[in-house]
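Take a look at the structure below.
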Amino acid sequence: MFKYLLLTLCLRAVAANPLSGRVVAGQEARPHSWPWQASLQFAYEHDPDFFQHMCGGSLISANWILTAAHCIVDVPGRFAVVLGEHNLERKGNEYLRHIQLIITHPRWNPIALEKGNDIALLRMAQPAYSTPDIQIANLPSLNKVLPNGYLCYITGWGLTQPFGLPSPTLQQALLPVVDHATCTSPYWWSYMVTENMVCAGGDGVMGGCQGDSGGPLNCQNEAGLWVIYGIVSFGPISCIVDKKPTVFTRVSAYTDWVYQTMEQNGGM
């Protein structure tokens, strides 16, 4: 089961010193070309005013951020999100919002990753406001499944190479979707991938890495709109392994839960 240690476990291992960086073998995104991309940041109690990037996320309404459940670490401190960010080391037009409420999926189990449900909603203490650099993402229709080879972009501030040095700028990489039958076959992820997940990549060259978790898999739909089809969940500890693609929570399996949860907790 754990021949390949998982990206989520590696995230926990570095949680005491969160890293920022970029997608492996990707390229720097054009600044603010993914305007729903958020940086989930964390400040420890001993220094509550200093936030560091830990995971990605997506702005899905004026009040809510979509991210991965495994990004919500069980340590004392405070979460915030930064919107409109591109370079984590330079001041621009980005702004920070503190997190008021955290809701993980009720069936999320941090010690049973293969069961899925790696999804969480974060309600901001103050609503986001729109700027040219900040927009609300589209969500896919319920139970939408993309075909094998469908091209999507992973975006994030994860490491540029396994165990490498971080880069502060938002990165992107074009990854083909791997269908469920392939991704669950022997020598791929086998039973570790459920029907509520989606795989993308697996060429041993490009993929997500530490710091990308919680961020989006951006796919263009038939109408030409970009939708958040996946949430970065896990991958091999070395990030890039042939036939071990990045695994995402498939958002279309949870569309109803997302909307119902937001409505029941203060509205959109």
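Just so it is clear, the model here is predicted, and its values are computed rather than measured. The first residue in the sequence is number 1, and the count goes up from there.
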Would you please test Y254 and T261 for side chain to side chain contact (heavy atoms under 4.5 Å, CB included) and show each step?
CA-CA 10 Å; Y254 299 92; T261 301; over 6 Å; no
4.5 Å side-chain heavy-atom contact, N221 and K144
no
Between H105 and W257, how do the two ring planes meet: parallel, tilted or perpendicular, split at 30° and 60°?
tilted
pair W64-V258: side-chain heavy atoms closer than 4.5 Å
no
Sub-4.5 Å side-chain heavy-atom contact between Q135 and L59:
no
Any side-chain heavy atom of L170 sitting closer than 4.5 Å to one from E85?
no
Note: L174 and M206 closest approach over all heavy atoms is O-CE, 3.3 Å
Rounding to 0.5 Å, atoms SG (C71) and CD1 (I119) come to a distance of 12.0 Å
List the residues meeting salt bridge (Lys or Arg N to Asp or Glu O under 4.0 Å) with K115, not counting sequence neighbours, and say none if there are none.
none
Should the ring pair W34 and Y153 be called parallel, tilted or perpendicular, given that the plane angle runs from 0 to 90° and is split at 30 and 60?
tilted
Are any of the side-chain heavy atoms of T131 and N93 separated by less than 4.5 Å?
no
Quick check: do V247 and C199 have side-chain heavy atoms less than 4.5 Å from each other?
yes
Should V205 and L217 be regarded as members of a common hydrophobic cluster, given that ILVMFWY residues are connected when their side-chain heavy atoms come within less than 4.5 Å of each other, either directly or indirectly?
yes
After noting the C-alpha distance and the side-chain angles of E28 and H86, does the key distance pass the side-chain hydrogen bond (donor to acceptor under 3.5 Å, both in side chains) rule?
CA-CA 10 Å; E28 183 175 349; H86 178 69; 2.8 Å; yes
Would Q41 and L88 count as a side chain to side chain contact (heavy atoms under 4.5 Å, CB included) if you check the C-alpha gap in whole Å, the side-chain angles of each, and the deciding distance to 0.1 Å?
CA-CA 11 Å; Q41 305 198 357; L88 294 168; 3.9 Å; yes
If you group Ile, Leu, Val, Met, Phe, Trp and Tyr by side-chain heavy-atom gaps below 4.5 Å, do I228 and W226 land in one group?
yes
Working note: I65 + L83, criterion side chain to side chain contact (heavy atoms under 4.5 Å, CB included); need CA distance, chi angles, decisive distance, verdict.
CA-CA 10 Å; I65 299 292; L83 302 170; 4.0 Å; yes
Just wondering, are more than 12 heavy atoms of other shown residues or ligands nearer than 6.0 Å to CD in E195?
no
In the single-linkage hydrophobic clustering (I, L, V, M, F, W, Y; side-chain heavy atoms under 4.5 Å), do M54 and I99 co-cluster?
yes
Are the side chains of M197 and S233 in touch, meaning some heavy atoms are under 4.5 Å apart?
no
T169 versus Q171, closest heavy-atom pair with distance:
OG1-NE2, 3.1 Å
I want to check something: taking the side chain as every heavy atom from C-beta on, are L175 and C152 in contact at a cut-off of under 4.5 Å?
no
May I have the step-by-step check of side chain to side chain contact (heavy atoms under 4.5 Å, CB included) for Y229 and N218, ending in yes or no?
CA-CA 6 Å; Y229 188 70; N218 306 281; over 6 Å; no
Least distance between heavy atoms, S141 atom then S252 atom
O-CB, 3.3 Å
